[in-house]
Amino acid sequence: MNTFDSFFEYHMKTKHSYFSVRSFPNRLDWNNQPKAFKNYPEKYTRIKLDLENENHSFIFYVAGITAKKTYPGVEYYLRVNPSAGALYPNEIYFQSRGNSEIDDGIYHFDILSSSITLLENIDDIGLEPYFGLEEKTNGFIFLISSIYYRSSWKYKNRAFRYCLLDAGHILGSIEASSYLHNKNYDIIYDFDKSSLNQLFNFDNKEFFTSAVFLTYNTSKKVKKVETLDLPTVDGSNYFEKNEMIEKAYENSIKFENCKKENSLPSFSFNKNYFKEVILNRRSIREFSKQSITKIEFESILNILNQPISGDCDEKIDVYCVINRVKDMKLGILKDKEYIKEGDFMNKAGYLCLEQDLGKSSAVTFFITSNSKNYQAMYQKAGILGHRLYLASNYLGIGCSGIGAYYDDEVCEFVGEYTQVLYALAIGK
């Protein structure tokens, strides 16, 4: 069995169907609920983020806390980036070199305290060699990891999908913060993840999925960081091993025939208002069945179709079920062309595990791909989902991500046997 067949088998085994969701109901053990924050010991230096500082602000807008909700016996912290079930399985690390107000070093973003934790000072050493570079790069190198039990506690075997989608949302928030702070970015999927997992002393509970370079090259040589001497920090407080997820990660860690995208997106948001949109972004819970305009819909599609700079730009297909868009016929669009005409709103709601969001929306989106680079395609779907949230909210339109759907029936609906990655609904 080759690599593609191996992770394709994982995708096949984690499909939802009308039968599966009724035969295998998901019961949560609240006694084993994971925590959503990772914190290094107090001996490590923490620097509180000062939002008046440009680089500190840039980091905050990647994943900072924007709201707190309290219910009997539980507290939820909402962040710049959405997460399936508000479980937030991803952690953020970065290397800073030559950035004002931040010493050169390797850091962990301590999101709960809105601070950055210095893990290692750097001078002639750095992370660059793990990406095949021999010279220092000034700027930021971000690393996104997943602590998968935070998600598998609720979503079981399907959790690897959510870890990658949520990582994609973080990549999308890096893209948005880069726009706000006038930085260029380049996403890297294909790098020595196994060695970096060892360097950061992760056990099987945590693994890297992607990196982002916001850097410029220098002519100075750099040596590889050989050791960080870090403790293994429990980032979930409880853990249950899932061999299917760990195998899916290992089987999708190698990349083949990647196509690089060098172009950057072109956005024209008002930055002051866009900043407020980022801070106030929420997942809508119900729609009032109002229509959006054709201009609003086309503006959102334009944002989705902007390039994403990176080393493995996988082909993604976006199907749009038009339910309530003024001056547009009901039906399904792909690449701005109708592939079916008719009223499919009830069908879209059924496919989204019979949720009203799918049928009361103005538009329901299904994101799919036939890519062989699983980690890249899923994270790109998350980036597109993040763009959809922000572009819709910018126009005063609500958005909700839907990670659960009847996989094979979606394929039948759109007329293509493919891998369904994400569903989202927008409306008022």
What is the distance from atom [atom1] of [X] to atom [atom2] of [Y], rounded to the nearest 0.5 Å?
X: Thr215; Y: Gln95; atom1: OG1; atom2: CD; result: 9.5 Å
X: Ile292; Y: Ile397; atom1: CD1; atom2: CD1; result: 4.5 Å
X: Gln379; Y: His169; atom1: CD; atom2: NE2; result: 11.5 Å
X: Asp186; Y: Ile141; atom1: CG; atom2: CD1; result: 11.5 Å
X: Ile308; Y: Ser263; atom1: CD1; atom2: OG; result: 12.0 Å
X: Leu351; Y: Glu409; atom1: CG; atom2: CD; result: 6.5 Å

[Y] six-ring centre to [X] NZ/CZ under 6.0 Å and within 45° of normal:
X: Lys372; Y: Tyr374; answer: no
X: Lys205; Y: Tyr148; answer: no
X: Lys224; Y: Tyr130; answer: yes
X: Lys271; Y: Tyr179; answer: yes
X: Arg161; Y: Tyr378; answer: no
X: Arg282; Y: Tyr76; answer: no
X: Lys329; Y: Tyr338; answer: yes

Hey, is the main chain of [Y] close enough, under 3.5 Å, to the side chain of [X] for a donor-acceptor pair?
X: Thr368; Y: Thr418; answer: no
X: Glu314; Y: Ala376; answer: no
X: Asn305; Y: Leu301; answer: yes
X: Asp311; Y: Tyr189; answer: yes

Salt-bridge present ([X], [Y]; N to O < 4.0 Å):
X: Asp50; Y: Lys48; answer: no
X: Arg158; Y: Asp407; answer: yes
X: Lys334; Y: Glu416; answer: yes
X: Lys136; Y: Glu128; answer: no

Which atoms form the tightest heavy-atom contact between [X] and [Y], and what is the distance?
X: Tyr273; Y: Asn393; answer: OH-O, 4.1 Å
X: Gly105; Y: Leu118; answer: CA-CD1, 4.1 Å
X: Arg387; Y: Pro265; answer: NH2-CB, 3.7 Å
X: Gly85; Y: Lys154; answer: CA-NZ, 4.1 Å

Distance-only side-chain donor-acceptor flag, [X] / [Y], under 3.5 Å:
X: Asn55; Y: Lys183; answer: yes
X: Asp166; Y: Asn81; answer: no
X: Tyr406; Y: Ser20; answer: no
X: Asn323; Y: Ser361; answer: yes
X: Asn157; Y: Thr14; answer: no
X: Ser194; Y: Asn197; answer: no

Report yes if the distance between the aromatic ring centroids of [X] and [Y] is under 6.0 Å, otherwise no.
X: His108; Y: Tyr40; result: yes
X: Tyr93; Y: Phe202; result: yes
X: Tyr422; Y: Tyr405; result: no

Does any part of the side chain of [Y], heavy atoms only, come nearer than 4.5 Å to the side chain of [X], both counted from C-beta?
X: Ile111; Y: Ile65; value: yes
X: Leu264; Y: Tyr185; value: yes
X: Phe200; Y: Leu119; value: yes
X: Asp104; Y: Asn121; value: no
X: Lys380; Y: Asp313; value: yes
X: Asn280; Y: Thr66; value: no
X: Ser57; Y: Glu52; value: no
X: Cys352; Y: Lys359; value: no

Partner of Ile367 under side chain to side chain contact (heavy atoms under 4.5 Å, CB included), chosen from Leu384, Leu388, Val420: Leu384

Option among Ser177, Ser178, Ser173 that satisfies the side chain to side chain contact (heavy atoms under 4.5 Å, CB included) test with Tyr61: Ser177

Verdict with reasoning, Phe274 to Phe269, per ring-ring contact (aromatic ring centres under 6.0 Å, His included): CA-CA 6 Å; Phe274 190 54; Phe269 300 113; 4.3 Å; yes

Passing option when Tyr107 is tested against Phe142, Phe94, Tyr44 for ring-ring contact (aromatic ring centres under 6.0 Å, His included): Phe94

Glu286 atom CD, over 12 foreign heavy atoms within 6.0 Å: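 Not buried by this count: 12 neighbours or fewer within 6.0 Å.
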
Single hit among Lys38, Glu91, Glu206, Lys193 for side-chain hydrogen bond (donor to acceptor under 3.5 Å, both in side chains) with Ser145: Glu206

Check against side-chain contact (heavy atoms from CB on, under 4.5 Å), Phe344 and Ile322: CA-CA 8 Å; Phe344 298 110; Ile322 307 299; over 6 Å; no

Residue pair Tyr319, Phe365: steps toward the ring-ring contact (aromatic ring centres under 6.0 Å, His included) verdict: CA-CA 6 Å; Tyr319 294 89; Phe365 297 80; over 10 Å; no

